[in-house]
Amino acid sequence: MSAEAKSEVIKEPSMLKQKEMIANNYDKLTSAHELGIKTASTFVPGNLNELIMCFDMANNLPEINAIQNGMRKKSGGMIMDAERSGHSEDVCTYVKADIGMMSKGNIAPNGKPMPAPDVLLLSYTGCFTFMKWFELLREEYKCPTTMLHVPYEADGKITPNMRDYVVKQLKEEVIPTLEQASGVKFDIDRLREYLRNSAKAEDDLVWVLESAKNKPSPVDCYFGGVYYIGPIFTAFRGTEDAIEYYQLLRKEVEERIAAGKGPITPEGEMKEEKYRLVVEGPPNWTSFRDFWKMFYDEGAVVVSSSYTKVGGVYDYDGFRHDPDNPLESLADYCLGCYTNRNLPTRVDMLARYIEEYEADGLLINSIKSCNSFSAGQLMMMREVEERTGKPAAFIETDLVDPRYFSAANVKNRLESYFQMVDQKRKGGGSAAAA
Amino acid sequence: MAKTVQEITDRCQVLFDDIDFTESRKWKEAEPGRKVIGYMPVYVPREIIHAAGMLPLGILGGGADMEVIHGDAYYQSYICRIPRSTIELAVTKRLDFVDGMLFPSICDVIRNLSGIWQMMFKDKYVRYFDVPQNFKDGIGGTFYANEMREFREGLERLSGRKITDEAINNSIAVFNENRRMVNEVYDFRSETPWKAPSWEVYLLMRAGMVLPVEEHTQMMQDYLDAAKAEDRPLRDNCRIVLNGSFCEQPPLNMVKSIEMAGCYVVDDDFMLVNRWLLEDVPTSGDPIANLATAFIHHSEDTAAKYEPDGEKKGRWLVQKVKDRRAEGVIFAAPSFCDPALLDRPMLAGRLKEAGVPYISFKYAENSGQMQPIREQAGTFADSIKLWSEAS
Ligand code: SF4
Ligand code: SF4
């Protein structure tokens with residue numbers, strides 16, 4: 001996800017591969033006009049990458065741009081610019097980072113300006129903000145905008161009405177708009193082919209995520225996890241590149257398991273695994289490295305996280321993209337993204353992770369400006385504690401607004417949490433770190 | 001004997017202050033088997049609840065005076081106040097008589113509150129009420145009609161009784177009537193704002209959240225009769241449209257303060273459920289299909305709705321300003337309210353293009369300090385007056 005954050009990491013082949021994929025994609029995006037390629041902007045949850053590929057379009061994901069800017073410590077200024085131009089201090093900082101980036105010339109990480117999108121594919125999945133975000137961008141770009149409204153899985157299941165609604169929108173709204181914007185006719189067999197590729201990569205991704213059940217865990221499924229989900233959540237799901245990336249990754253993890261090794265961190269291999277955690281909520285990006293360090297310095301590894309399910313849930317109920325039912329499968333994919341699941345399902349998922357990965361407890365990183373994740377997390381925390389009997393802790397940061405990351409507070413909270421886990425192991429202590 | 005404005009307003013005030021919902025409880029107790037269905041902003045088809053013989057009860061948080069003790073344990077400081085005070089109402093058993101709760105798809109906070117309800121009140125009927133963001137009959141319309149059918153079946157299971165098409169059609173007629181009267185009150189206020197102060201109209205509309213609809217319609221008729229007859233002094237106020245207060249409600253004091261500062265509120269978006277449908281719904285044929293068509297083609301615009309046409313985005317507000325001969329807009333939104341605050345720059349942009357002045361501020365349902373708001377609204381009113389005198 002970020003080329004920079006990996007610079008000190010020992011470069012494994014999968015990392016090099018991902019770095020190259022990302023660089024190529026940015027080059028493709030920033031030279032789209034010269035190459036005659038059309039671009040679509042869309043979101044990570046409900047990302048219809050295979051469909052976009054059917055129209056030979058390049059996929060630009062503004063959340064990823066915001067993350068990149070966050071990790072490069074550029075988002076703070078962008079957010080302030082957006083606030084100065086009338087955007088509220090209370091709303092999602094991804095939106096403001098994106099709008100601020102626009103006002104600074106929309107420069108991609110390769111130093112070249114991003115082209116204006118030819119189409120905004122508003123996949124309205126799991127987060128209300130998306131709808132307003134693209135309405136705001138539409139004001140600026142004045143380009144065709146197509147909305148895919150994905151209903152909320154409020155009762156923990158997909159009903160035929162929900163699926164039909166999404167499929168109908170794909171057929172009658174999204175596909176015709178993409179055809180028009182790209183000048184390419186839709187070919188469902190091409191879509192099937194890409195979906196077949198997706199499913200292969202998804203199998204390997206799930207294998208990697210589930211490898212954290214080993215002790216020690218060979219992977220970190222939060223900080224490390226954001227790299228593992230990179231290709232599948234962004235512009236590569238459905239590509240041969242993604243298949244290859246996950247094969248490489250899987251092989252490396254197999255070797256780590258065989259050698260009894262722990263996860264790789266920015267400072268090399270994590271030695272002793274002292275704590276196994278499940279984490280709910282997105283990470284903070286502006287201090288990503290410092291945040292991660294607070295974990296590996298203490299021997300804490302994240303064995304599972306909900307953030308690595310935000311662009312698609314592949315483990316919990318075994319969803320795979322299905323070439324035999326292409327549009328229905330895209331619908332089910334969107335409907336099933338993590339933040340589109342109701343709170344009882346989210347609780348169940350986290351509690352099951354704690355049990356299945358034999359974790360010591362739950363840590364919630366609550367994001368100030370993200371209601372989709374954050375509203376209800378205190379209740380979720382108590383429910384998970386009750387179900388698992390494992391202690392939970394609650395920290396508060398933000399995504400890309402550096403003003404809301406207090407390293408000292410987070411560190412204190414983590415340290416007392418680890419102490420609590422120790423106590424719990426010794427048979428005492430209560431579960432209330434919030 | 002005809003009721004006076006004072007009498008009607010006093011009764012509304014009592015209803016407004018009563019966070020135990022005594023009136024609704026009484027309604028329920030009056031006959032065995034009666035059920036009450038709570039709903040949150042911004043819209044649910046109350047006609048279906050009414051047709052089931054149940055009382056739709058609008059829940060708009062705990063208001064300015066309720067102390068929130070438990071609710072803060074459920075919500076971080078950076079989330080608006082309405083979910084925490086709504087939880088407080090429930091935890092303190094003030095909603096124990098409510099048999100089901102509806103959480104409309106307005107934002108992620110209300111959406112996630114539906115999940116909290118599912119976990120906390122397992123024996124209650126809980127429904128996240130999804131409405132379409134696609135406005136084509138065959139797509140969004142069909143989806144919505146099916147959602148309403150599911151809802152209808154849910155209520156049938158709850159009551160053990162079928163809800164007939166005829167019953168829904170009758171209820172549609174009752175709500176058509178209610179909406180006509182709501183619109184009459186709004187029109188009356190816009191025509192003669194000195195005769196219908198905003199806080200009175202506000203309380204009158206709030207009464208519609210807790211009273212049976214028939215009673216509310218009569219109450220509005222009585223109010224109009226009384227208010228028209230009453231002589232009240234015209235003040236040198238400017239005319240403004242208030243926008244952004246469609247969910248968490250401002251303290252009543254804020255509504256009063258704005259008017260006292262020199263602004264007649266000639267339109268607002270409090271309790272949009274009362275005016276959501278812009279035309280009468282047909283009272284014969286398939287009622288579900290008719291309600292769906294009304295939603296798709298003739299419903300209010302608000303931040304929680306998607307505007308498919310970029311050109312049209314926000315134009316409705318400019319139109320409203322024109323229709324109401326307003327001189328400015330006050331954006332008043334709850335702190336941390338995603339829909340209102342994300343939408344605001346776009347609406348403000350349209351106003352700017354149209355040369356309509358506006359100001360913005362934020363509030364919480366329990367905001368105490370009205371001085372800054374009074375000052376801001378006062379300065380705004382003065383500047384509008386100066387501007388209109390100069391032009
Ligand atoms: S999910 Fe959260 S972080 Fe992502 S766009 Fe929505 S509000 Fe922002
Ligand atoms: S006040 Fe705004 S953010 Fe809060 S619940 Fe209502 S619509 Fe959602």
Side-chain angles (χ1 to χ4, degrees), chain A residues 85-88 90-92 95 99 122 124 126-129 131-133 135-136 138-139 142-143 145 147-149 151-152 154-156 159-162 164-165 168-169 172-173 339 341-347 366 368-380 382-383 394 396 434, chain B residues 73-80 83 87 103 105-116 118-120 126-130 132-134 136 138-140 142-144 146-147 149-150 303-308 310 313 333 335-346 348-349 360 362:
Chain A
S85 69
H87 294 272
S88 166
D90 291 352
V91 301
C92 173
V95 179
I99 286 170
L122 199 185
Y124 176 33
C127 166
F128 175 85
T129 297
M131 188 163 89
K132 296 289 127 182
W133 188 345
E135 279 188 348
L136 283 160
R138 184 179 61 187
E139 300 266 298
K142 311 222 179 309
C143 63
T145 305
M147 143 79 102
L148 179 69
H149 174 207
Y152 184 55
D155 291 321
T159 65
N161 190 40
M162 294 175 184
D164 290 350
Y165 177 45
K168 237 189 253 176
Q169 291 176 81
E172 296 176 32
E173 302 272 353
T339 49
R341 308 276 188 136
N342 69 354
L343 260 47
T345 305
R346 284 170 60 182
V347 165
S366 186
K368 180 183 176 286
S369 59
C370 176
N371 281 337
S372 175
F373 262 103
S374 304
Q377 278 176 330
L378 285 163
M379 171 86 186
M380 286 172 63
R382 288 194 291 273
E383 288 282 308
F394 203 83
E396 297 179 340
Chain B
Y74 290 84
Y75 286 99
Q76 302 88 312
S77 55
Y78 40 81
I79 290 174
C80 57
I87 290 259
F103 299 89
S105 54
I106 167 173
C107 76
D108 296 337
V109 175
I110 299 261
R111 183 195 76 173
N112 289 4
L113 185 59
S114 72
I116 292 193
Q118 287 169 328
M119 292 190 279
M120 285 179 76
V126 180
R127 186 170 177 88
Y128 172 72
F129 192 79
D130 219 345
Q133 297 290 358
N134 173 292
K136 302 227 167 109
I139 308 176
T142 304
F143 167 73
Y144 183 47
N146 287 332
E147 289 294 300
R149 285 185 191 110
E150 264 184 35
K305 242 168 112 177
Y306 177 62
E307 170 52 70
K313 177 73 203 177
S335 294
F336 307 108
C337 176
D338 281 342
L341 295 172
L342 285 162
D343 215 38
R344 182 187 281 177
M346 293 181 273
S360 323
K362 293 189 290 184

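Just so it is clear, the values below take in all heavy atoms, side chains as well, and ignore hydrogens, waters and symmetry mates. Just so it is clear: chains get the letters A, B, ... in the order the sequence lines come, proteins before strands, and each one is counted from 1. The model shown is predicted, which means the values in this text are computed figures rather than measured ones.
A heavy-atom distance below 4.5 Å is found between the side chains of B:Ile87 and B:Leu113. Within the 4.5 Å cutoff, side-chain heavy atoms of A:His149 are placed close to those of B:Asp130. Side-chain contact between A:Ile99 and A:Val95 is present, with heavy atoms from C-beta onward closer than 4.5 Å. The shortest distance between side-chain heavy atoms of A:Met379 and A:Val347 does not fall below 4.5 Å. The shortest side-chain heavy-atom distance between B:Arg111 and A:Phe128 does not fall under the 4.5 Å cut-off.
When each of B:Pro83, B:Ser105, B:Pro132 is scored by its heavy-atom pairs under 4.5 Å with chain A, the top score falls to B:Pro132. Chosen from A:Gly376, A:Gly86, A:Ser372, the residue pairing most often with chain B at heavy-atom distances under 4.5 Å is A:Ser372. Per-residue counts of heavy-atom pairs under 4.5 Å with chain A were compared for B:Ala348, B:Gly349, B:Ala304, B:Ser360; the largest is that of B:Ala304. Per-residue heavy-atom pair counts under 4.5 Å with chain B were compared for A:His87, A:Glu172, A:Met147, A:Glu135, and the maximum is reached by A:Glu135. Among the candidates A:Thr159, A:Thr339, A:Asp90, the residue making the largest number of heavy-atom pairs closer than 4.5 Å to chain B is A:Asp90. By number of non-hydrogen pairs under 4.5 angstrom with chain B, the leading residue of A:Gly126, A:Gly156, A:Cys92 is A:Gly126. Of all the listed residues (A:Val91, A:Leu343, A:Asn161), the one sharing the greatest number of non-hydrogen pairs under 4.5 Å with chain B is A:Asn161. Contact count versus chain A (heavy atoms, under 4.5 Å) is highest, among B:Ile139, B:Asp343, B:Ile79, for B:Ile139.
In this structure, the portion of B:Glu150 lying under 4.5 Å from any heavy atom of chain A is its side chain and not its backbone. Using a 4.5 Å cut-off between heavy atoms, B:Ile106 touches chain A through its backbone atoms (N, CA, C, O) alone. Of the atoms belonging to B:Gln118, it is side-chain heavy atoms, and not backbone ones, that fall under 4.5 Å from chain A. Heavy-atom distances place no part of A:Thr345 under 4.5 Å from chain B, backbone and side chain included. Contacts between A:Asp164 and chain B at a heavy-atom distance below 4.5 Å are absent for every atom of the residue. Looking at A:Leu122, the atoms closer than 4.5 Å to chain B (heavy atoms on both sides) all sit in the side chain, from C-beta outward. Proximity to chain B (any heavy atom under 4.5 Å) is shown, for A:Asn371, by both the backbone and the side chain. Only the side chain of A:Glu139 comes within less than 4.5 Å of a heavy atom of chain B; its backbone N, CA, C and O stay farther away. Using a 4.5 Å cut-off between heavy atoms, B:Ala73 contacts chain A through both its backbone and its side chain. For B:Pro308, the part sitting under 4.5 Å from any heavy atom of chain A is the backbone (N, CA, C, O) and nothing else. Residue A:Cys370 does not touch chain B at all, counting heavy-atom pairs closer than 4.5 Å.
Note that the CZ atom of A:Arg382 and the CD atom of A:Gln377 stand 12.0 Å from one another [nearest 0.5 Å].
A salt bridge links B:Arg127 with B:Glu147; the closest basic N to acidic carboxylate O contact falls under 4.0 Å.
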Quiz prompt | Derivation of the side chain to side chain contact (heavy atoms under 4.5 Å, CB included) call for B:Ile110 and B:Phe129 | solution = CA-CA 10 Å; B:Ile110 299 261; B:Phe129 192 79; over 6 Å; no
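Between B:Val109 and B:Cys80, the shortest heavy-atom distance links the atoms CG1-SG, 4.1 Å.
Between B:Phe143 and A:Tyr165, the ring planes lie parallel to each other; the angle is under 30°, not in the 30° to 60° tilted range.
Looking only at distances, no side-chain donor or acceptor of B:Lys313 sits under 3.5 Å from a matching main-chain atom of B:Glu307. Between the side chain of B:Lys362 and the backbone N or O of B:Cys337 there is no donor-acceptor pair closer than 3.5 Å.
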